[in-house]
Number of protein chains: 2
Amino acid sequence: MPEKDIDIGSRLKKLRDERNISQRQLAKKSNVSNAAISLIENNKTNPSLGLLKKILDAVPISISDFFAMDVSEENKVVFRKNELIEIGSGLISYLQVGQNLKNNQPQMILERYKPGADTGKSMLTHESEESGLILEGRMELTVGDQTYFLGVGDAYLFNSNIPHRFRNTGGIDCVIVSACTPPSF
Amino acid sequence: MPEKDIDIGSRLKKLRDERNISQRQLAKKSNVSNAAISLIENNKTNPSLGLLKKILDAVPISISDFFAMDVSEENKVVFRKNELIEIGSGLISYLQVGQNLKNNQPQMILERYKPGADTGKSMLTHESEESGLILEGRMELTVGDQTYFLGVGDAYLFNSNIPHRFRNTGGIDCVIVSACTPPSF
DNA sequence: TTAAACTGTTAAATATATTAAACAAAATAT
DNA sequence: ATATTTTGTTTAATATATTTAACAGTTTAA
């Protein structure tokens with residue numbers, strides 16, 4: 001039975017992200033081409049041990065530790081901006097913090113509403129407490145029979161059982177960071 | 001500071017030796033050429049991770065365990081015939097069991113005396129207890145003022161402080177396995 | 001002894017990893 | 001806003017790993 005092959009790319013990228021260094025910085029430090037690092041991180045090459053070692057020495061981390069490295073997402077604490085999970089796109093895009101969330105965890109979502117985006121006249125309802133804050137643009141928020149107009153820096157908090165609706169009536173994207181507990185979908 | 005690069009070859013060879021399988025057997029099982037295995041074991045190539053993985057899967061052992069593998073000689077118990085340490089060659093060759101022997105360990109040596117080989121008229125003396133057994137050929141052994149002629153199966157045991165001398169007066173190689181405590185050189 | 005089946009190693013052919021250089025996109029600076 | 005760096009990616013050129021095939025040495029069998 002052929003063992004499933006380990007995902008070198010993710011491991012290396014994780015290491016690099018944790019240290020906040022660029023491919024080129026690491027490349028320079030390890031005397032390896034940045035292209036090689038890119039190819040490795042995307043699993044588009046089958047690196048030689050010597051090359052991998054040069055890179056790991058520059059991190060630095062031992063080969064042994066590298067392969068023993070915990071790569072599970074279970075206890076992941078930091079999610080880099082490009083590691084957010086896309087759980088929906090289109091006129092509204094959703095980037096979630098974390099995966100397979102437990103019921104006791106908040107579902108943090110970075111939401112981007114393009115001009116005209118609307119969650120719908122039929123209103124949303126679900127079993128959660130929901131909060132959010134406007135990062136860019138403006139948002140029309142309806143909760144129950146009240147409608148609010150929010151700008152950058154404004155925030156909201158309500159029980160999601162109350163029918164609610166988001167509409168971007170402005171001319172530019174509206175970006176919101178929101179949180180639901182428990183996760184709503 | 002560039003980490004000293006790990007000796008992949010020895011590790012793989014050790015694994016293979018422990019399992020008593022040939023390069024070709026392992027090659028077949030792992031779908032890798034026997035040449036590749038030979039080159040890797042002799043550190044004459046810089047194997048790709050994929051290739052190494054295929055081989056390790058066939059052993060089988062995980063990459064992680066492979067690099068975490070204890071490769072120290074400290075507690076080594078079995079020394080294969082090709083692992084004996086050559087501590088002298090020429091008319092007499094010495095192959096020792098183990099390396100960096102402690103004073104409380106016996107120095108076991110496989111000795112081969114070519115026809116005419118002679119440890120010398122000046123006689124040997126050192127602080128040890130010495131024993132041996134003839135495996136092939138014949139040997140003239142002098143200990144103190146006594147000279148003995150030994151054949152296959154014969155053995156000896158004496159205090160090495162007593163001047164002694166080995167001479168192969170026969171026409172074929174004489175092979176002896178000997179032991180000194182403590183090690184004499 | 002001789003032959004046959006192994007052992008590990010090596011050389012040339014081939015496949016592929018790695019680099020150097022150019023690219024587009026994003027961040028930073030002016 | 002417009003450059004200017006810096007980001008990661010990709011392509012073609014080059015270096016090198018891997019295979020195929022042959023070699024020589026050892027072991028096993030007859």
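Note that these values count all heavy atoms, side chains included, but never hydrogens, waters or copies made by symmetry. Residue numbering restarts at 1 for every chain, and letters A, B, ... go by the order of the sequence lines. As the structure is a prediction and not an experimental result, all values here were calculated from the model.
- Among residues two or more places apart in sequence or in another chain, the side-chain hydrogen bond (donor to acceptor under 3.5 Å, both in side chains) test is passed with Ser30(B) by none.
- With rounding to the nearest 0.5 angstrom, the CE atom of Met123(B) is 10.5 Å from the CZ atom of Phe166(B).
- Within residues 37-46 of chain B, the residues approached by DNA chain D to less than 4.0 Å at the level of any non-hydrogen atom are Leu39(B), Thr45(B), Asn46(B), in residue-number order.
- From one end of the helix from dT1(C)-dA30(D) to dT30(C)-dA1(D) to the other, with five pairs defining each end axis, the axis direction shifts by 30° (rounded to 10°).
- Between the CG atom in Asn34(A) and the CD atom in Gln23(A) there is a gap of 6.5 Å [rounded to 0.5 Å].
- Within the structure, the side chain to side chain donor-acceptor pair (under 3.5 Å) test picks out the following pairs touching residues 113-124 of chain A (sequence neighbours left out): Glu111(A)-Tyr113(A), Asp118(A)-Arg165(A).
- Across residues 28-36 of chain B, Val32(B), Ser33(B), Ala35(B), Ala36(B) each have a non-hydrogen atom less than 4.0 Å from an atom of DNA chain D (numbered order).
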Distances for protein N/O vs nucleotides 3-7 of chain C N/O pairs under 3.5 angstrom?
{"residue": "dT7(C)", "atom": "OP1", "partner": "Ser22(B)", "partner atom": "OG", "Å": "2.7"}

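- For Glu127(A), the side-chain contact (heavy atoms from CB on, under 4.5 Å) partners two or more places apart in sequence, or in a different chain, are Asn161(A).
- Pairs engaging residues 118-141 of chain A under the ring-ring contact (aromatic ring centres under 6.0 Å, His included) rule: His126(A)-His164(A) [sequence neighbours left out].
- Glu41(A) places a side-chain heavy atom less than 4.5 Å from the side chain of Arg16(A).
- Computed from coordinates, the Leu51(A) CG to dA15(D) C1' distance equals 12 Å when rounded to whole Å.
- Note on residues 25-53 of chain A: no pairs pass ring-ring contact (aromatic ring centres under 6.0 Å, His included), not counting sequence neighbours.
- Atom C1' of nucleotide dT19(C) and atom CD1 of Ile55(A) are separated by 13 Å, given to the nearest angstrom.
- The distance from atom NZ of Lys54(B) to atom C1' of dT19(D) is 11 Å, rounded to the nearest whole Å.
- Under the rule for a side-chain contact (heavy atoms from CB on, under 4.5 Å), the partners of Ala179(A) that lie at least two apart in sequence or sit in another chain are Met108(A).
- For the pair Arg11(A) and Asp7(A), the salt-bridge criterion is not met [side-chain N within less than 4.0 Å of a carboxylate O].
- Residue Leu12(A) contributes atom CG, which lies 13 Å from atom P of dT18(C) at whole-angstrom precision.
- Partners of Lys29(A) according to the side-chain contact (heavy atoms from CB on, under 4.5 Å) rule, which considers only residues two or more places apart in sequence or in another chain, are Ala58(A).
- The side-chain contact (heavy atoms from CB on, under 4.5 Å) search around Ala35(B) returns Ser33(B), not counting sequence neighbours.
- Of the N and O atoms on the side chains of Thr142(B) and Thr147(B), at least one donor lies less than 3.5 Å from an acceptor on the other residue.
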